[in-house]
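For the single chain, residues carry numbers from 1 onward in sequence order. Counting starts at 1 for both ligands and their atoms, following the listed order.
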Amino acid sequence: MSNQFDLAVIGAGAAGMMCAAVASQRGKRVVLIDHATRLAEKIRISGGGRCNFTNLHAGPNNFLSENPHFCKSALSRYTPQDFLSLMKRYQIAWHEKHKGQLFCDDSAEDIIRMLKAECDAGNVDWRMGSKVDEVQKQEQGGFLLQTSAGIIRAAQVVIACGGLSIPKIGATDFAHKVARQFGLKIIEPRPALVPLTFDAKAWEPFVPLSGISLEVDIETGEKKSRTVFREDLLFTHRGLSGPAVLQISSFWEPGKAIRINLLPEVDVAEDLVGNKSTIKKNLANHLSQYLPARLVDGLLTAHGFAGDARVADMQDKRLRLLGEKLNRWELIPNGSEGYRKAEVTRGGVDTRELSQQSMMANKVPGLYFIGEAVDVTGWLGGYNFQWAWASGTAAGLAI
Ligand code: FDA
């Protein structure tokens, strides 16, 4: 078994397999190394087992990064249509769920099999179950990798070890460690696309609402930095989750507020105050035409309103306050569920250290970083895989 390669890719996940497939099919001798024994576990569990593999509308605006322009080049050179063409060759059926999100009809395993077949078509050498302990740059050129399966030498190395989310399925900070070792800056990593939590005492009144889901507008930030999503929100025992909260979590800054409009299509204060004299029902019954009764009861109790009060008898000031709570509910999370539950890691290798064409580190010729390890974080909805495919392809074509 040869231990000398043109390219060693560390991390056989979405980005690593894509890069290995592209480079190997261009005639490079490629070894793909992963400490996990099962291939691409994150693809397997993604999208509820059906993998939301891309988004038809993916563009630079759907990504967070200290340097928002960095992702443009790779994304424009490998588009969602390119990935669909690849899937067509493998006859993998898919469907659009909503907002351009594409899922496999059958299983995420189809994507894993396709990428494995693409690597096999280029005769990629597999080293699954092999931990990389160290990456050393050699004076005579190239790199030496100390791995649990022995020494591997490669002219070039791609770090595709992903982010820190879900350590129990093999996530590590290896990519960040290698970047630091070579003097590259790291944008402080933190959990993103993650449920938000609240102080246990303050959240107590909302615990009975856990399990309820509804479409809301959710926002954070002020003026120029204000970001809004309309998505489903889910109440949990410890706080808030669902697509709305996962989306906003990536933008939320610790200590800052999030604001939720539980009834985006109704101005509650205007409805209650304006129609006060004609509303015959009590408060709870009136609001139940807009929201599930259990949610109405829970929210009224939590905010200190009596559900059986006659709307006509209530002061305008109280009705406006209720409108504020329903249309502009402001909360300050005390944190998030962390990497244990986060779908991705925000931050990572500073893109100013990398070439946007090739993903190679400017200071370290031959060393590349791709996928989630890089400070490019997609919204929820297939964008993170699109970045994995695009950045993997950019490096694979440059090597
Ligand atoms: P990825 O994490 O895929 O691969 C990294 C690989 O490196 C792993 O195989 C790991 O074992 C290996 N590794 C780590 N350290 C190593 C070391 N020291 N030595 C050797 N190997 C090492 N995105 C999306 O677009 N649509 C979706 O539907 C979902 N759904 C989803 C669900 C859940 C539960 C999670 C946690 C995440 C998602 N995502 C997602 C995000 C998506 O999975 C993620 O962005 C990509 O997998 C990132 O691809 P990478 O190849 O960069 O890392």
Side-chain angles (χ1 to χ4, degrees), residues 8-20 31-55 58 62-63 80 83 94 97 100-104 108 111-112 115 126-135 145-149 152 157-178 191-195 243 246 250 337-346 348-349 359 368-393 395:
V9 179
I10 308 177
M17 281 208 282
M18 193 66 169
C19 177
V31 61
L32 189 42
I33 313 164
D34 201 299
H35 64 167
T37 45
R38 287 188 90 192
L39 194 52
E41 197 61 14
K42 275 200 189 156
I43 298 181
R44 187 169 289 108
I45 63 170
S46 67
R50 288 221 162 85
C51 186
N52 178 193
F53 56 84
T54 192
N55 191 300
N62 306 112
F63 294 85
F83 196 74
W94 53 270
K97 223 173 183 175
Q101 300 171 7
L102 304 190
F103 288 75
C104 297
I111 303 275
I112 301 175
L115 292 171
W126 296 91
R127 296 282 198 286
M128 293 304 291
S130 302
K131 185 166 171 283
V132 181
D133 294 315
E134 214 185 330
V135 178
L145 311 186
Q146 304 271 7
T147 83
S148 56
I152 290 175
V157 171
V158 170
I159 309 291
C161 296
L164 305 170
S165 330
I166 326 275
K168 85 169 182 235
I169 58 165
T172 69
D173 64 350
F174 190 72
H176 304 165
K177 266 193 192 148
V178 174
L193 300 183
V194 64
L246 300 192
S250 299
E337 293 284 2
Y339 290 120
R340 201 172 50 88
K341 291 266 179 81
E343 284 204 7
V344 291
T345 301
R346 197 183 151 174
V349 179
M359 308 288 135
Y368 300 72
F369 291 84
I370 58 173
E372 206 182 308
V374 177
D375 172 38
V376 173
T377 308
W379 293 3
L380 184 77
Y383 303 101
N384 285 295
F385 279 134
Q386 187 56 36
W387 171 246
W389 318 138
S391 59
T393 301

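Shown in contact with Phe174 at under 4.0 Å from a heavy atom are these atoms of ligand 1, numbered in order with element: 18 (N). Remark: ligand 1 atoms within the under-4.0 Å shell around heavy atoms of Asn384 are 23 (N), 25 (O), 45 (O). Residue-ligand proximity, Gly47 to ligand 1, at heavy-atom distances under 4.0 Å covers atoms 28 (O), 30 (N). With ligand atoms numbered from 1 in the order given, ligand 1 contributes 52 (O) to contacts under 4.0 Å with heavy atoms of Gly371. Near Ile166, meaning under 4.0 Å from one of its heavy atoms, ligand 1 places the atoms 36 (C). For ligand 1 and Gly11, the ligand atoms under 4.0 Å from any heavy atom of the residue are 6 (C), 7 (O), 12 (C). Heavy-atom contacts of Tyr383 reach the following atoms of ligand 1: 25 (O) (cutoff under 4.0 Å). Within ligand 1, the atoms closer than 4.0 Å to a non-hydrogen atom of Gly170 are 10 (C), 11 (O), 14 (C), numbered from 1 in the order shown.
Shortest non-hydrogen contact noted between Cys19 and Val158 is SG-CG2, 3.9 Å. Heavy-atom minimum distance, Arg346 versus Thr377: CA-OG1, 3.4 Å. Closest of all the heavy-atom pairs between Ala8 and Ile33 is CB-CD1, 4.4 Å. Scanning both residues, Val132 and Phe174, for their nearest heavy atoms gives O-CE1, 3.3 Å. Among all heavy-atom pairs drawn from Gly13 and Asp34, the shortest one is N-OD2, 4.2 Å.
Looking at atom 29 (C) of ligand 1, its nearest protein heavy atom turns out to be Ser46 CB, 3.6 Å. Of the protein's non-hydrogen atoms, the one nearest atom 44 (C) of ligand 1 is Glu372 OE1, 3.1 Å. For atom 51 (O) of ligand 1, the nearest protein heavy atom (residue, atom name, distance) is Ala15 N, 2.8 Å. Here the protein heavy atom with the shortest distance to atom 53 (O) of ligand 1 is Gly162 CA, 3.4 Å. The protein atom (non-hydrogen) at minimum distance from atom 4 (O) of ligand 1 is Gly13 CA, 3.4 Å. Among protein heavy atoms, atom 38 (C) of ligand 1 sits closest to Glu343 OE1, 3.7 Å. Looking at atom 34 (C) of ligand 1, its nearest protein heavy atom turns out to be Ile45 CD1, 3.6 Å. Protein heavy atom nearest atom 3 (O) of ligand 1, with residue, atom name and distance: Ala14 N, 3.5 Å.
Where the criterion is an N or O separation shorter than 3.5 Å, residue side chain and backbone included, Val344 fails it with respect to ligand 1. Polar contact check, His35 against ligand 1: a nitrogen or oxygen pair lies under 3.5 Å apart. Residue Thr172 has at least one nitrogen or oxygen atom sitting less than 3.5 Å from a nitrogen or oxygen atom of ligand 1, judged on distance alone.
Ligand 1 lies within reach of Ala160, whose nearest heavy atom is under 4.0 Å from it.
Side-chain contact check for Phe83 versus Ile111: some heavy-atom pair is nearer than 4.5 Å.
Looking at Phe385, Phe53, Trp379, Trp387, it is Phe385 that brings a heavy atom closest to atom 43 (O) of ligand 1. Comparing Asp34, Ile370, Val178, Leu39 by heavy-atom distance to atom 6 (C) of ligand 1, the nearest is Asp34.
Atom CG in Leu39 sits 7.5 Å away from atom CG in Leu32 (nearest 0.5 Å).
No side-chain N or O of Ser130 forms a donor-acceptor pair with one of Ser148 less than 3.5 Å apart.
Under a 3.5 Å cut-off, the side chain of Lys42 and the backbone N or O of Ala171 do not form any donor-acceptor pair.
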Inset, instruction - Take Ile10 and Val135, measure what side chain to side chain contact (heavy atoms under 4.5 Å, CB included) needs, and give me the verdict at the end. - result: CA-CA 10 Å; Ile10 308 177; Val135 178; 3.9 Å; yes

Inset, instruction - Show your reasoning for whether side chain to side chain contact (heavy atoms under 4.5 Å, CB included) applies to Glu343 and Asn384. - result: CA-CA 10 Å; Glu343 284 204 7; Asn384 285 295; over 6 Å; no

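Contact annotation: for Ser165 versus ligand 1, there are no heavy atoms closer than 4.0 Å. Contacts of Asn52 with ligand 1, taken as heavy-atom pairs under 4.0 Å, involve both backbone and side chain.
Not counting sequence neighbours, Lys341 has no partner by the side chain to side chain donor-acceptor pair (under 3.5 Å) test. With sequence neighbours excluded, no residue satisfies ring pair (Phe, Tyr, Trp, His ring centres under 6.0 Å) with Phe369.
Separation of the Trp389 and Phe385 ring centroids falls under the 6.0 Å cut-off.
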